[in-house]
Amino acid sequence: MFGIGSRDLGIDLGTANTLVYAKGKGVVVREPSVVALQTDTKQIVAVGNDAKKMIGRTPGNVVATRPMKDGVIADYETTATMIKYYLKQATNNGKGFFASKPYVMVCVPSGITAVEERAVIDATRQAGARDAYTIEEPFAAAIGANLPVWEPTGSMVVDIGGGTTEVAIISLGGIVTSQSLRTAGDEMDDAIVAYIRKQYNLLIGDRTSETIKMEIGSAGDFEQLPSMEIRGRDLLTGLPKTIEITGEEIADALKDTVTAIVDTVKSTLEQTPPELAADIMDRGIVLTGGGALLRNLDKVISKETNMPVIIAENPLDCVAIGTGMALDHIDLFKNKNK
Ligand SMILES: Nc1ncnc2c1ncn2[C@@H]1O[C@H](COP(=O)(O)OP(=O)(O)OP(=O)(O)O)[C@@H](O)[C@H]1O
């Protein structure tokens with residue numbers, strides 16, 4: 001063990017949200033993974049919440065972008081700048097420079113390539129880390145959900161984020177089997193946009209579709225679902241229009257995405273050694289990530305697998321908490337990245 005201190009940080013560098021966990025303090029930064037840039041000079045106009053408000057609303061010379069896609073870096077320079085901004089915010093409340101550079105643990109999807117992983121490490125070092133380490137996202141999620149990952153017992157975690165769904169069986173401090181699906185919350189949003197366009201000839205923006213998903217979205221209609229009024233642009237007249245949409249319609253729009261997630265859970269279970277499967281039967285499948293909050297998703301997974309399903313406490317924070325807690329075991333992650 002070498003000099004891990006209270007200034008060291010864990011980052012959940014997500015497609016949708018970036019969270020920073022500081023040892024002893026908990027989650028100190030929680031903002032959308034969005035950066036607004038001047039198109040010509042590439043100068044940063046805003047980061048995080050301020051930048052997210054600009055999505056779909058920027059003038060011609062400003063663009064609000066999400067530099068992470070499907071859990072990996074799509075735009076290297078912008079990601080490094082975003083990490084730098086959040087590291088500064090986490091270490092010094094955004095004022096000035098680091099007193100001393102932190103060691104940083106960053107989570108990555110389990111299906112990541114060596115080149116994609118290298119990019120995360122390099123971007124974090126470039127952003128000011130003394131050194132950077134990676135941890136696989138479902139492993140971090142399981143630590144953050146308080147699962148007994150270091151014990152000889154099977155735990156199953158399904159982390160549904162913006163870009164990826166990670167399914168893993170964990171025992172004795174390691175991933176026994178896992179699958180990473182590049183389908184998660186963002187694809188649900190896209191499916192809602194496509195459905196409303198097809199059924200109503202109405203064009204809605206990404207932020208509206210995410211709001212619809214959170215407010216009335218559902219993985220299945222086990223009960224009467226709520227409805228809501230939505231606004232968009234009528235593709236026939238070109239004018240703004242308001243319609244009412246039901247939860248049942250949105251459940252229908254989300255069907256393919258939900259099926260893809262359920263199928264991944266099932267096929268991971270099929271690859272699980274029987275002793276570990278028995279442990280999971282006792283303890284249940286644990287859902288983490290923002291997608292775990294989709295209404296009835298726990299019920300659908302439970303019905304399809306015949307297993308108990310539990311939503312972790314604070315599902316949006318599990319990966320960040322687990323990434324930060326893994327700093328206590330940094331020697332296990334040390335050599336991998338050298
Ligand atoms: N109440 C809710 N119902 C449905 N989906 C939700 C809810 N709250 C958040 N989400 C979705 O969860 C996703 C974000 O989750 P999270 O912050 O765990 O992802 P991430 O870590 O940024 O992404 P990734 O792990 O793919 O890199 C978004 O798609 C968001 O719309």
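Just so it is clear, the structure is predicted and the values come from calculations on it, not from any experiment. Counting starts at 1 for both ligands and their atoms, in listed order.
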Query raised in the report: Are Lys69 and Asp186 ion-paired here, with the side-chain N under 4.0 Å from a carboxylate O?
Result: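 Here Lys69 does not pair with Asp186 in a salt bridge, since their nearest N and O are not under 4.0 Å apart.
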Query - Pair Arg283 + Asp279: basic N to acidic O under 4.0 Å - result: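 Between Asp279 and Arg283 there is no salt bridge, as every charged N stays at least 4.0 Å from the carboxylate O atoms.
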Requested in this report: Provide the full list of ring pair (Phe, Tyr, Trp, His ring centres under 6.0 Å) pairs with a residue in residues 242-293, sequence neighbours left out, each pair given once.
Outcome: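 Matches after skipping sequence neighbours: none remain.
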For a distance cut-off of 3.5 Å, show me each N or O of ligand 1 paired with any protein N or O, plus the separation.
unit_1: ligand 1; atom_1: 10 (N); unit_2: Gly290; atom_2: O; d: 3.4
unit_1: ligand 1; atom_1: 12 (O); unit_2: Gly291; atom_2: N; d: 3.4
unit_1: ligand 1; atom_1: 15 (O); unit_2: Gly290; atom_2: N; d: 3.2
unit_1: ligand 1; atom_1: 17 (O); unit_2: Asn17; atom_2: ND2; d: 2.8
unit_1: ligand 1; atom_1: 18 (O); unit_2: Gly290; atom_2: N; d: 3.0
unit_1: ligand 1; atom_1: 19 (O); unit_2: Gly162; atom_2: N; d: 3.2
unit_1: ligand 1; atom_1: 22 (O); unit_2: Thr15; atom_2: N; d: 3.3
unit_1: ligand 1; atom_1: 22 (O); unit_2: Ala16; atom_2: N; d: 2.8
unit_1: ligand 1; atom_1: 22 (O); unit_2: Asn17; atom_2: N; d: 2.8
unit_1: ligand 1; atom_1: 22 (O); unit_2: Asn17; atom_2: O; d: 3.4
unit_1: ligand 1; atom_1: 23 (O); unit_2: Thr15; atom_2: N; d: 3.4
unit_1: ligand 1; atom_1: 23 (O); unit_2: Gly162; atom_2: N; d: 2.9
unit_1: ligand 1; atom_1: 25 (O); unit_2: Glu137; atom_2: OE2; d: 2.6
unit_1: ligand 1; atom_1: 26 (O); unit_2: Thr15; atom_2: OG1; d: 3.4
unit_1: ligand 1; atom_1: 26 (O); unit_2: Gly162; atom_2: N; d: 3.2
unit_1: ligand 1; atom_1: 26 (O); unit_2: Gly163; atom_2: N; d: 2.7
unit_1: ligand 1; atom_1: 26 (O); unit_2: Thr164; atom_2: N; d: 2.9
unit_1: ligand 1; atom_1: 26 (O); unit_2: Thr164; atom_2: OG1; d: 3.4
unit_1: ligand 1; atom_1: 27 (O); unit_2: Thr15; atom_2: N; d: 2.8
unit_1: ligand 1; atom_1: 27 (O); unit_2: Thr15; atom_2: OG1; d: 2.9
unit_1: ligand 1; atom_1: 29 (O); unit_2: Lys213; atom_2: NZ; d: 3.2
unit_1: ligand 1; atom_1: 31 (O); unit_2: Glu210; atom_2: OE2; d: 2.6
unit_1: ligand 1; atom_1: 31 (O); unit_2: Lys213; atom_2: NZ; d: 2.6

Query raised in the report: Does the Ser302 side chain pair with the main chain of Met307, one donor and one acceptor, at a distance under 3.5 Å?
Result: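 Checked: pair present.
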Report task. Supply the atom-to-atom distance Ser209 OG to Ile196 CD1, rounded to the nearest 0.5 angstrom. Result ->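 Here the rounded value is 7.5 Å.
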Query - Reference residue Arg30; test side-chain hydrogen bond (donor to acceptor under 3.5 Å, both in side chains); the match among Asn49, Asp317, Thr18 - result: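 Per the side-chain hydrogen bond (donor to acceptor under 3.5 Å, both in side chains) rule, the option paired with Arg30 is Asp317, out of Asn49, Asp317, Thr18.
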